[in-house]
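Labels below follow one simple rule: chain letters A, B, ... track the order of the sequence lines, proteins then strands, and each chain is numbered from 1.
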There are 2 protein chains.
Amino acid sequence: MNEGVEWAMHSCVNLSWTTGAAITAKRLAAFYDLPTAYLNKQLQALTRAGILTSVSGPKGGFQLARDPKNISLLDIVVAIDGPDEAFRCTQILKAGPHADPSVDYTRSCLISQAMRSAELAYRQELAAQSIADIAARVVSHTPEAPDRVRNHFTNLKA
Amino acid sequence: MNEGVEWAMHSCVNLSWTTGAAITAKRLAAFYDLPTAYLNKQLQALTRAGILTSVSGPKGGFQLARDPKNISLLDIVVAIDGPDEAFRCTQILKAGPHADPSVDYTRSCLISQAMRSAELAYRQELAAQSIADIAARVVSHTPEAPDRVRNHFTNLKA
DNA sequence: GATCTACTACTCGGATAGTGCGTGTCCGAGTGGGGCCGG
DNA sequence: CCGGCCCCACTCGGACACGCACTATCCGAGTAGTAGATC
């Protein structure tokens, strides 16, 4: 899995606490000491996916495009890592003896089915977790976290 | 995910129907028109993982090392694709402000926890499916499949 | 004729190239603000 | 003094190298069977 997924998730949680002002990629990267240009690339992907909104120029930056409650971890994984499933059925049964060319073995092959059901369980688990959920649980564990994040971004010199 | 996982699973199902005799990599590859040497590499991985047993020389080949009921799809995925999880937490919180160097964020980071729980669901789904289960469901759908496979391997000229 | 031995053919096993994707970086397009000039 | 215009600095966006892992392949190690020679 793409490493940028982790960066994107943490950045989204931080952005959920800094609504109203756009945060630049540079500041988001500095927060965790990440390579700025590369994080910018991931944020672009989130923007294309409709998770973030971006504005260019001075006073520009990124912010969440919608309520954190409506941003699931699955949304982020799909945006960064792509929509393809990890297991891709190549329908090798088509090359075997007694194969029916008209059958879509992606659906009928039992191995393909088993792998798909496993990935479905994975995706459902991720779809059930929203950025808001994560943020709330962070707060319940470290109540001062949102203020720390806000101060870190706002108190920084222009 | 490694493409060889698909090959390995289908080959294991076929091997579950040809107990008693060792099948060579060449024949297993010919069954689905796969590159012999590369499939051999995957079978080696299964052997190292203790899923298959191999014998060299004439009359050599591979066969299942244990009852198909005790070979889960997860075993095969781990053997071919490696034991690492897809999402690897790099503990970027360690680089953030107010970080505690003594904390293992792989455990305490809520994002890491969420990703781990999702992968756990994925793995549990795979662990619950055995090669014997798959083979049985294939038989219930295509009862002649085992005989076809046996004949395909035994009737082939030496 | 039987037995031991050497050879051959065949298979697994690991070491060796080729290639696509993730990783990392850079420069250009676009934008808002600030300074300067003119009225 | 006030308004408009121009320049500049800053940021996102996409285009450009680099490295690693997956893909694919080949040759050597080891073994079983067989043919031949010897007793």
Side-chain angles (χ1 to χ4, degrees), chain A residues 1-8 11 15 21-30 32-63 65 77 79-88 90 92 153 156-158, chain B residues 1-8 11 15 21-30 32-63 65 77 79-88 90 92 153 156-158:
Chain A
M1 174 171 293
N2 196 317
E3 184 180 3
V5 171
E6 186 183 10
W7 305 354
S11 295
L15 285 174
I23 309 294
T24 69
K26 182 188 287 187
R27 289 186 182 178
L28 285 169
Y32 292 120
D33 196 24
L34 304 174
T36 302
Y38 193 26
L39 176 63
N40 189 21
K41 195 178 182 60
Q42 316 297 341
L43 298 177
Q44 286 173 34
L46 294 179
T47 303
R48 276 192 295 269
I51 296 171
L52 299 184
T53 58
S54 66
V55 293
S56 288
K59 295 292 179 180
F62 297 89
Q63 52 186 327
V77 169
I80 303 291
D81 221 45
D84 297 348
E85 301 193 3
F87 180 87
R88 57 215 143 109
T90 62
I92 68 176
F153 284 129
L156 228 54
K157 52 241 145 277
Chain B
M1 172 172 295
N2 198 317
E3 184 180 4
V5 171
E6 186 183 9
W7 306 354
S11 295
L15 285 173
I23 309 293
T24 68
K26 182 188 286 188
R27 290 187 183 178
L28 285 170
Y32 293 120
D33 194 26
L34 303 174
T36 302
Y38 193 27
L39 176 64
N40 189 21
K41 194 176 181 60
Q42 316 299 341
L43 298 177
Q44 285 173 34
L46 293 178
T47 303
R48 276 193 295 270
I51 296 172
L52 300 183
T53 58
S54 66
V55 293
S56 289
K59 296 290 178 184
F62 297 90
Q63 52 186 326
V77 169
I80 302 292
D81 220 45
D84 297 347
E85 301 192 3
F87 180 88
R88 56 216 145 112
T90 61
I92 67 176
F153 284 129
L156 229 53
K157 54 242 145 274

Residue whose closest nucleotide on DNA chain D lies nearer the 5' end, A/I23 versus B/K41
A/I23
Spacing of A/Q42 atom CD relative to C/dT23 atom P, expressed in whole Å
7 Å
Can you name the one residue among A/T53, A/T47, A/I51 that meets side chain to side chain contact (heavy atoms under 4.5 Å, CB included) with A/F62?
A/T47
Output the rounded distance in Å from CG (B/L52) to P (C/dC12).
11 Å
Rounded to whole Å, how long is the line connecting atom CG of A/N40 with atom P of D/dC12?
6 Å
Separation of C/dT25 atom P from A/L39 atom CG, nearest Å, is 12 Å
If I compare all heavy atoms of A/T90 with all of B/E6, which pair ends up nearest, and what's the gap?
OG1-OE1, 2.7 Å
Report the C-alpha separation of A/L43 and A/W7 in whole Å, then their side-chain angles, then the decisive distance to 0.1 Å, and conclude whether the side-chain contact (heavy atoms from CB on, under 4.5 Å) test is met.
CA-CA 9 Å; A/L43 298 177; A/W7 305 354; over 6 Å; no
Shorter than 3.5 Å, N or O on both sides, protein versus nucleotides 30-35 of chain C: list them out with atom names.
unit_1, atom_1, unit_2, atom_2, d
C/dG30, N2, A/G57, N, 3.3

Protein-nucleotide distance (A/R48, atom CZ; D/dG14, atom C1'), rounded to Å
9 Å
Considering non-hydrogen atoms only, spot the tightest contact between B/A45 and B/I80 and give its length.
CB-CD1, 4.1 Å
Below 3.5 Å between N/O atoms, which protein atoms pair up with nucleotides 17-22 of chain D? Just atom names and distances, please.
none

Whole angstrom value for the distance that separates P of C/dT11 from CZ of B/R27:
8 Å
Would you mind telling me which of C/dC26, C/dC12, D/dC12 lies closest to the side-chain atoms of A/A37?
C/dC26
side-chain contact (heavy atoms from CB on, under 4.5 Å) between B/R88 and A/M1, intermediate numbers included
CA-CA 8 Å; B/R88 56 216 145 112; A/M1 174 171 293; over 6 Å; no
Can you tell me how far the OG atom of B/S11 sits from the CG atom of B/L34, to the nearest 0.5 Å?
7.0 Å
Return the value, rounded to whole Å, for the distance between atom CD1 of A/I80 and atom P of C/dC21.
18 Å
For A/G50 versus A/A65, what's the shortest heavy-atom pair and its separation?
O-CB, 3.4 Å
Where the side chain of B/K26 is defined as all heavy atoms beyond and including C-beta, which of C/dT11, D/dC12, C/dG13 is the nearest nucleotide?
C/dT11
For the side chain of B/N2 and the backbone of B/D81, is there at least one donor-acceptor N/O pair under 3.5 Å apart?
no
Nearest heavy-atom contact between B/A49 and B/A79 is CB-CB, 3.5 Å
d(CG, A/L28; P, D/dT11) in whole Å
12 Å
